[in-house]
2 protein chains.
Amino acid sequence: MYPIVALAEAAGAKVETIRYYERIGLLPEPGRTRSNYRSYSEVHLGRLSFIRRARDLGFTLDQSRELPELAESRNSDCGIVDAIGQDHLRDVERKIADLKALRRELCDLIGQCQKGAIAECRIIGALSPR
Amino acid sequence: MYPIVALAEAAGAKVETIRYYERIGLLPEPGRTRSNYRSYSEVHLGRLSFIRRARDLGFTLDQSRELPELAESRNSDCGIVDAIGQDHLRDVERKIADLKALRRELCDLIGQCQKGAIAECRIIGALSPR
DNA sequence: CTGGACCCTGTAGTCCCTACAGGGTCAAGC
DNA sequence: GCTTGACCCTGTAGGGACTACAGGGTCCAG
């Protein structure tokens with residue numbers, strides 16, 4: 001049971017953002033203590049972390065809402081879930097490709113400054129196997 | 001020399017967004033035709049495409065502004081350029097890792113629907129060597 | 001029992017677009 | 001030569017996603 005500041009820290013969000021998400025119905029209303037303070041569970045933490053991660057990656061709030069709902073609706077129509085999932089997957093693939101291109105450019109830039117810093121780039125390459 | 005609609009299409013942006021970027025000084029003012037229509041060059045296209053890509057990946061406009069400026073300032077202080085570049089690089093690495101985790105989740109989700117659709121996932125794996 | 005850290009509910013402001021309104025430009029076809 | 005429709009212009013207002021107060025309650029260590 002986290003108070004709001006603890007949740008904020010754990011999920012990498014601001015307190016105001018959490019209250020905002022609750023207001024627009026993105027985050028379920030938490031329980032309250034006797035003194036009317038919000039009290040969050042692990043479920044809230046998971047959901048909030050996911051949303052923050054998705055937002056940081058350039059997804060809209062609607063998309064961030066859709067993704068976990070998709071996962072929770074395992075028993076509903078597979079065709080729809082599958083189609084939406086495929087869409088998001090394509091989106092993710094494109095973003096990964098774009099980021100890799102950007103990494104390449106940054107690497108080149110840094111390489112030009114630190115002459116003979118190709119080692120640096122090799123480290124970065126090693127950081128991302130697969 | 002592109003008119004504004006052509007630039008918008010080529011860069012994947014909206015016409016209004018282009019004018020907005022010009023207003024806030026993010027995109028250099030283009031030349032004008034006799035009838036006062038905007039006329040863009042390849043340089044504009046490159047810059048706009050970069051900004052749109054960066055925005056789509058969750059970078060702020062300020063970051064999107066900083067990155068190409070970094071690249072253009074090859075001759076200025078290497079230490080600073082290098083430090084900022086390293087910062088952005090770390091950011092990019094994190095985003096790639098997050099996206100890969102997200103891809104994994106989506107893949108699992110889709111896999112559960114399309115029973116025995118691991119082939120699909122294998123294809124996706126092949127799409128992203130390295 | 002008081003100071004400081006924490007929490008509450010507003011509401012207003014910021015950033016980044018996006019959508020008109022109201023009007024000029026221009027090439028094609030009648 | 002004149003109209004019609006696609007294109008362009010400059011505003012300004014609206015929307016999504018926060019962010020920052022103001023004004024006030026709660027809690028507990030000293």
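All values below were derived from every heavy atom in this structure, side-chain atoms included, with hydrogens, water molecules and symmetry-related copies excluded. Residue numbering restarts at 1 for every chain, and letters A, B, ... go by the order of the sequence lines.
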For residues 48-57 of chain A, please give each side-chain donor-acceptor pair under 3.5 Å, one per line with the distance, not counting sequence neighbours.
{"unit_1": "A/Ser49", "atom_1": "OG", "unit_2": "A/Leu45", "atom_2": "O", "d": "2.7"}
{"unit_1": "A/Arg52", "atom_1": "NH1", "unit_2": "A/Tyr21", "atom_2": "OH", "d": "2.7"}
{"unit_1": "A/Arg53", "atom_1": "NH1", "unit_2": "B/Asp98", "atom_2": "O", "d": "3.4"}
{"unit_1": "A/Arg53", "atom_1": "NH2", "unit_2": "B/Glu105", "atom_2": "OE2", "d": "3.3"}
{"unit_1": "A/Arg55", "atom_1": "NH1", "unit_2": "A/Phe59", "atom_2": "O", "d": "2.5"}
{"unit_1": "A/Asp56", "atom_1": "OD2", "unit_2": "B/Arg94", "atom_2": "NH1", "d": "2.9"}

Do [X] and [Y] have side chains that approach each other closer than 4.5 Å (heavy atoms only, starting at C-beta)?
X	Y	result
A/Tyr20	A/Lys14	no
A/Val5	A/Pro3	no
B/Ser39	B/Arg32	no

Whole Å only: how far is the [atom1] atom of [X] from the [atom2] atom of [N]?
X	N	atom1	atom2	value
A/Tyr2	C/dC6	OH	P	18 Å
A/Ile4	C/dC6	CD1	C1'	11 Å
B/Asp56	C/dC17	CG	C1'	14 Å
B/Leu7	D/dC9	CG	P	11 Å
B/Ile18	D/dC7	CD1	C1'	14 Å
B/Gln63	C/dC15	CD	P	15 Å
B/Glu9	D/dA6	CD	P	15 Å
B/Arg38	C/dC26	CZ	P	15 Å

Checklist entry - Quick one: do A/Glu29 and A/Arg38 make a salt bridge, cutoff under 4.0 Å? => result no

Checklist entry - What string of B, S and - do you get for nucleotides 17-29 of chain D, 5' to 3', if B is base contact, S is sugar-phosphate-only contact and - is no contact with any protein heavy atom under 4.0 Å? => result BBBB----BBS--

Checklist entry - Between the side chain of A/His44 and the main-chain N/O of A/Ser41, is any donor-acceptor distance below 3.5 Å? => result yes

Next on the checklist: On the nucleotide C/dT9, are OP1 or OP2 found under 4.0 Å from the side-chain N or O atoms that A/Arg32 carries?
Outcome noted: yes

